[in-house]
Amino acid sequence: MIPAKAYAAQNAKSPLAPWSFERRDVGPDDVLIDIAYCGVCHSDIHQARNEWGGATFPMVPGHEIVGTVAQVGANVKKFKAGDRVGVGCMVDSCRECAQCKADLEQFCEKGMSGTYNGFEQDKKTPTQGGYSDKVVVTQDFVLSIPDNLPLDAAAPLLCAGITTYSPLRHWKIGKGDKVGIIGLGGLGHMGVKFAAAFGAETYVITTSPGKAEDAKRLGAVGTVVSKDKDDLAKHAGSFDFLLCTVAAEYDPGLYLGLLKVDGTMAVVGAPDKPLNLHLFSVIMGRKTLAGSLIGGIKETQEMLDFCGEHNIVSDIEVINIQQINEAYERMIKSDVRYRFSIDMKSLAA
Ligand code: NAP
Ligand code: ZN
């Protein structure tokens with residue numbers, strides 16, 4: 001076994017604190033990664049605080065992992081020591097079911113192995129995430145990070161990037177579409193960058209009027225303030241597509257009213273409580289309310305390559321691991337521009 005250092009939650013109420021544990025030895029198909037940075041996703045908070053239920057502890061959160069390869073197993077052909085690599089929200093899946101064969105491992109019929117707060121495919125060995133100095137992952141779930149992308153700002157691509165890229169691709173968003181990205185946080189700001197890069201007329205729909213200038217800088221043509229009735233009325237019935245990244249309770253009808261006839265709102269934000277939806281919001285205008293979950297491994301690599309070609313990374317605030325609990329509180333207050341990226345060197349401090 002390989003000794004590893006981390007920050008972990010010991011239970012749903014405890015702040016994250018230093019913890020030592022062991023990673024598995026490097027098997028023939030495994031890659032040992034020295035973690036350089038790990039992004040902080042709102043899902044880390046939901047899970048460390050057991051807001052979605054079923055959490056297992058101790059829990060080392062973190063699924064926006066980047067670093068360099070330290071060692072590879074005998075069968076590993078795709079990677080060698082020194083390569084710049086990443087790991088996202090999954091570390092394995094059954095690889096045999098229809099979904100895995102269709103490159104949709106996130107929907108593996110036997111259940112994918114989440115990077116943390118989950119189990120390996122033996123369904124009993126707990127997985128531990130990226131708020132840690134190293135990780136061992138089977139080669140098929142390791143991604144390559146393009147050379148031109150800085151590692152600290154590339155980390156959030158592994159979750160916030162793919163989670164917004166995938167639905168925008170699935171619904172074929174591009175030139176001629178009026179798109180609204182709801183919530184300008186970690187996911188939202190990547191959604192804006194991608195929608196704009198795909199040629200869509202992109203708006204940010206926000207509760208924070210102070211983010212309007214940033215929205216433009218990120219590629220949006222305008223902002224709709226969701227607390228402003230006049231602003232909502234001005235844009236009512238005008239959007240082709242909405243991508244909702246909101247992490248807290250909200251009124252979905254408010255946003256569905258912004259869609260055109262036959263428009264779609266895809267949700268990726270995963271608040272802990274069920275929302276109250278009046279079905280007239282979709283009946284009137286034959287609207288679609290849809291969902292999306294991260295993206296498959298093949299599409300994640302495609303997204304990373306697209307980011308390499310277009311020089312797209314996340315806007316980050318680099319923190320030390322010792323600031324993680326404070327970072328969570330700031331994130332809950334929507335006070336992050338726009339993703340925390342943890343410098344894992346700080347673990348040694
Ligand atoms: P985040 O950085 O905290 O961003 C969420 C944004 O939502 C905030 O910045 C804020 O933007 C807006 N917001 C917050 N409270 C709101 C409220 N009450 N009403 C309306 N808007 C509100 O979080 P994130 O890391 O982007 O994650 C967002 C959500 O996606 C989380 O629930 C996370 O678990 C989920 N997620 C899902 C997937 C998936 O595969 N489906 C993957 C990753 C994450 P404004 O200030 O602009 O309003
Ligand atoms: Zn995430």
Side-chain angles (χ1 to χ4, degrees), residues 38-49 51-52 61-65 86-90 104-107 112 114-118 129-131 155-168 170 180-193 203-215 218 220 223-228 231-232 242-252 254-255 266-273 275 290-296 299-300 303 314-317 327-341:
C38 186
V40 181
C41 179
H42 207 113
S43 304
D44 299 347
I45 307 177
H46 291 310
Q47 292 180 89
R49 298 185 177 179
E51 292 171 358
W52 291 338
H63 57 207
E64 294 184 335
I65 301 170
V87 178
C89 301
M90 302 181 279
L104 295 168
E105 300 88 352
Q106 72 272 34
F107 303 127
M112 54 90 161
T115 300
Y116 68 87
N117 191 25
Y131 297 3
L157 299 177
L158 276 304
C159 175
I162 185 59
T163 301
T164 50
Y165 181 94
S166 183
L168 292 169
H170 181 77
I181 306 293
I182 308 171
L184 194 61
L187 267 56
H189 92 291
M190 290 313 306
V192 173
K193 290 188 188 206
Y203 286 78
V204 166
I205 303 169
T206 180
T207 60
S208 312
K211 292 180 181 173
E213 238 172 72
D214 283 348
L218 295 165
T223 298
V224 179
V225 177
S226 52
K227 290 173 179 162
D228 180 337
D231 226 6
L232 288 175
L242 298 171
L243 181 63
C244 185
T245 74
V246 175
E249 270 177 275
Y250 62 91
D251 171 13
L254 192 78
Y255 301 124
V267 297
V268 287
D272 53 339
K273 294 197 183 64
L275 301 183
S292 189
L293 176 69
I294 49 174
E299 192 176 40
T300 305
M303 176 275 308
S314 187
D315 287 28
I316 50 160
E317 185 179 327
Y328 278 10
E329 293 311 317
R330 283 185 51 197
M331 207 168 180
I332 289 163
K333 285 188 266 172
S334 304
D335 173 27
V336 48
R337 302 201 174 194
Y338 279 89
R339 197 57 138 188
F340 294 115
S341 182

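In listed order, ligands and their atoms are each counted from 1.
In the vicinity of His42, heavy-atom distances shorter than 4.0 Å reach the ligand 1 atoms 1 (P), 3 (O), 23 (O), 24 (P), 25 (O), 27 (O), 31 (C). Of all the atoms in ligand 1, the ones that sit under 4.0 Å from a non-hydrogen atom of Ser334 are 8 (C), 9 (O), 10 (C), 14 (C), 46 (O). Within the listing of ligand 1, atoms 42 (C), 43 (C) sit less than 4.0 angstrom from a heavy atom of Cys159. Shown in contact with Lys211 at under 4.0 Å from a heavy atom are these atoms of ligand 1, numbered in order with element: 9 (O), 11 (O), 45 (P), 46 (O), 47 (O). Contact atoms of ligand 1 toward Gly183: 7 (O), 11 (O), 12 (C), 47 (O) (distance under 4.0 Å to a heavy atom of the residue). Close approach of ligand 1 to Thr245 (heavy-atom distance below 4.0 Å) involves ligand atoms 5 (C), 28 (C), 29 (C). The Ala248 neighbourhood of ligand 1 comprises atoms 15 (N), 18 (N), with distances under 4.0 Å to a heavy atom of that residue. Shown in contact with Arg339 at under 4.0 Å from a heavy atom are these atoms of ligand 1, numbered in order with element: 24 (P), 25 (O).
On a distance-only criterion, Ile294 and ligand 1 share at least one N/O pair closer than 3.5 Å. The shortest N/O to N/O separation between Tyr250 and ligand 1 does not fall below 3.5 Å. Considering backbone and side-chain atoms together, Leu187 places an N or O closer than 3.5 Å to an N or O of ligand 1. Distances between N or O atoms of Val246 and those of ligand 1 include no value under 3.5 Å.
Residue-ligand proximity: Gln106 is placed with every non-hydrogen atom at 4.0 Å or more from ligand 1. Contact analysis puts Cys41 in contact with ligand 1, with a non-hydrogen atom separation below 4.0 angstrom. Assignment of Trp52 to the shell around ligand 1 is supported, since a heavy atom sits closer than 4.0 Å. At least one heavy atom of Tyr255 sits less than 4.0 Å from an atom of ligand 1.
Checked by atom type and distance alone, the side chain of Ser314 never pairs as donor or acceptor with a backbone atom of Ile316 at under 3.5 Å. No donor-acceptor pair closer than 3.5 Å links the side chain of Lys211 to the backbone N or O of Thr206. Of the possible polar contacts, none joining the Glu105 side chain to the Gly296 backbone as a donor-acceptor pair under 3.5 Å is found. Although no hydrogens or angles enter the test, the distance criterion places a donor-acceptor pair under 3.5 Å between the side chain of Thr163 and the main chain of Cys159. No donor-acceptor distance shorter than 3.5 angstrom exists from the side chain of Thr245 to the backbone of Gly269, with no hydrogens or angles considered. Here the side chain of Thr115 pairs a donor or acceptor atom with the backbone of Met90 at under 3.5 angstrom. Arg330 places a side-chain N or O within 3.5 Å of a backbone atom of Asp335 that can act as its donor or acceptor partner.
Contact of the His63 side chain with the Ser43 side chain is registered, since non-hydrogen atoms from C-beta on lie closer than 4.5 Å. Between Leu157 and Met190, some side-chain heavy-atom pair lies under the 4.5 Å cut-off.
The shortest contact between atom 2 (O) of ligand 1 and any protein heavy atom is with Gly186 N, 2.9 Å. Given atom 48 (O) of ligand 1, the protein heavy atom at minimum distance is Thr207 OG1, 2.6 Å. Remark: minimum distance from atom 11 (O) of ligand 1 to any protein heavy atom is reached at Leu184 N, 3.2 Å.
Around atom 30 (O) of ligand 1, the closest heavy atom drawn from Ala215, Gly269, Cys89, Ser43 belongs to Gly269. Scanning Val267, Asp44, Thr163 for the heavy atom closest to atom 39 (C) of ligand 1 points to Thr163.
Contacts between Val268 and ligand 1 below 4.0 angstrom, taking non-hydrogen atoms only, involve backbone and side chain alike. The proximity of Ser292 to ligand 1, defined as any non-hydrogen pair under 4.0 Å, is limited to the backbone. Contact annotation for Glu249 and ligand 1: only backbone heavy atoms (N, CA, C, O) come within less than 4.0 Å of the ligand.
Ring-plane geometry between Tyr338 and His189 is classed as parallel, the angle between the planes falling under 30 degrees on a 0 to 90 degree scale with a further cut at 60.
The distance from the Zn ion (ligand 2) to the nearest N/O/S atom of His63 is under 2.8 Å. Metal site remark for the Zn ion (ligand 2): His42 contributes no N, O or S atom at a distance under 2.8 Å.
Looking at every heavy atom in both residues, Leu218 comes nearest to Lys193 through CD2-CE, 3.5 Å.
A side-chain donor from one of Asp44 and Tyr116 sits under 3.5 Å from a side-chain acceptor of the other.
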